[in-house]
Q: 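My questions will all concern the structure given below.
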Amino acid sequence: MSFKKLRAHMDDYLPLAFGEAQALGLKPTDRILFVGSGSLPMTAICFALLFECQFRGIYDKLEAFLIDPSASQHQAALDLLESLAGSPIASHSSIRCLDMNDAAILNSRRVLADLGLSNQINVLNGDGSTVQLTEPIDVLCIASMANPKIEIVKNILSQQSAGVRVLLRTVPLQDLRALVYEPFTKADSELLLKQIPGVVHVETRIPAPGSMVINSFERFDFSPPTKSSF
Amino acid sequence: MAHYNINIRSVSDLYEAILGFYTELRQCDLASIPPTMMEDILTRIRTLLRGAFPPEWIREVFKRLQEQSLVEDFRYLFQRLESQVEVTLAQAVVG
């Protein structure tokens with residue numbers, strides 16, 4: 001497992017993915033779809049490693065490191081994840097990544113194979129706003145760069161017959177971070193709630209001051225309406 | 001070329017730092033830049049983004065950038081660079 005090469009890049013992703021996993025109450029049995037995973041599906045990798053820590057009984061230790069935002073504790077968390085590299089990833093997870101860029105799909109499949117995570121994470125080729133899924137999901141995560149978010153959510157949820165936890169990665173509006181990603185505004189949120197029956201807003205989480213994290217996220221819950229109104 | 005948050009003491013400093021990054025992003029998009037330089041630019045931009053600046057500075061900077069129609073372009077160039085760095089990292093992982 002070439003974790004060493006990923007380590008520097010995990011500064012942004014690990015605390016973000018950890019916070020998202022907590023907010024979503026992720027379990028290894030959850031069928032997760034991550035839309036817009038790119039060449040390096042870091043969030044999916046982080047989720048799979050969090051599940052592996054649970055499997056190996058070291059999750060509490062990792063959590064203690066990650067709850068403390070200090071740099072030394074962050075490095076301790078990365079050390080712990082790096083220690084997983086000595087033996088094959090054995091835990092179960094059902095994470096699907098979706099991307100519409102052929103090169104990114106090829107790259108990410110190679111990375112996952114190299115990390116020994118091909119059984120845990122599957123990369124699909126498709127556009128989130130039109131893709132037809134062959135299996136149901138429990139959790140839908142959408143990357144900052146994946147757009148148009150409402151159309152993606154609408155398309156994916158229209159295919160679900162059971163509840164789905166939804167997370168949209170974004171950036172705070174009144175923040176310099178909005179310079180690099182398009183914010184999902186309150187008006188967007190209201191539009192989403194209006195356009196997709198059965199969706200309720202659960203939480204907005206923005207990075208704590210001094211945090212390594214760039215992104216904020218919006219969390220929604222979806223329960224399919226008894227009569228489809230899509 | 002480096003921009004460090006510690007040197008940003010006014011809204012003009014912040015605006016100039018962003019313009020400096022914009023120039024670097026444009027250069028990255030036009031020329032063949034070594035992967036380590038791309039990562040360096042990305043890291044420095046992220047460091048700036050994490051800075052705790054007064055809200056009125058941020059509003060003013062966005063206003064100036066919008067007047068120059070630079071926000072969308074900055075976003076596009078940053079995301080292109082981020083994708084390119086991910087490709088490079090992915091290739092490094094698989095050797």
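Residue numbering restarts at 1 for every chain, and letters A, B, ... go by the order of the sequence lines.
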Q: Count the heavy-atom pairs under 4.5 Å between each of Pro207(A), Ala178(A), Ala113(A) and chain B, then report the option with the highest count.
A: Ala178(A)
Q: Check whether Asp175(A) gets within reach of chain B through its side chain, its backbone, both or neither, counting any heavy atom under 4.5 Å.
A: both
Q: Mind checking whether Arg50(B) and Arg177(A) have side chains closer than 4.5 Å, heavy atoms only?
A: yes
Q: Answer yes or no: does atom CD1 of Ile33(B) have more than 12 heavy-atom neighbours from other residues, nucleotides or ligands under 6.0 Å?
A: yes
Q: Among Ile58(B), Ile18(B), Leu70(B), Leu14(B), which residue forms the greatest number of heavy-atom pairs with chain A at distances under 4.5 Å?
A: Ile58(B)
Q: Please classify the contact between Ala103(A) and chain B as side chain, backbone, both or neither, with a heavy-atom cut-off of under 4.5 Å.
A: neither
Q: Under 4.5 Å, counting heavy-atom pairs only, tell me which of Gln174(A), Met42(A), Met145(A) racks up the most with chain B.
A: Met145(A)
Q: Which bit of Glu39(B) is near chain A, if near means a heavy-atom gap under 4.5 Å: side chain, backbone, both or neither?
A: neither
Q: Tell me, side chain or backbone of Glu72(B) under 4.5 Å from chain A's heavy atoms, or both, or neither?
A: neither
Q: State, to 0.1 Å, how close Leu176(A) and Phe62(B) come at their nearest heavy-atom pair, and which atoms those are.
A: CA-CE1, 4.2 Å
Q: For the residue pair Leu48(B) and Leu179(A), establish whether any side-chain heavy-atom pair is separated by less than 4.5 Å.
A: no
Q: Closest approach of Ala90(B) and Ser39(A), non-hydrogen atoms and distance?
A: CB-O, 3.6 Å
Q: Can you tell which part of Ile214(A) gets under 4.5 Å to a heavy atom of chain B, answering side chain, backbone, both or neither?
A: side chain
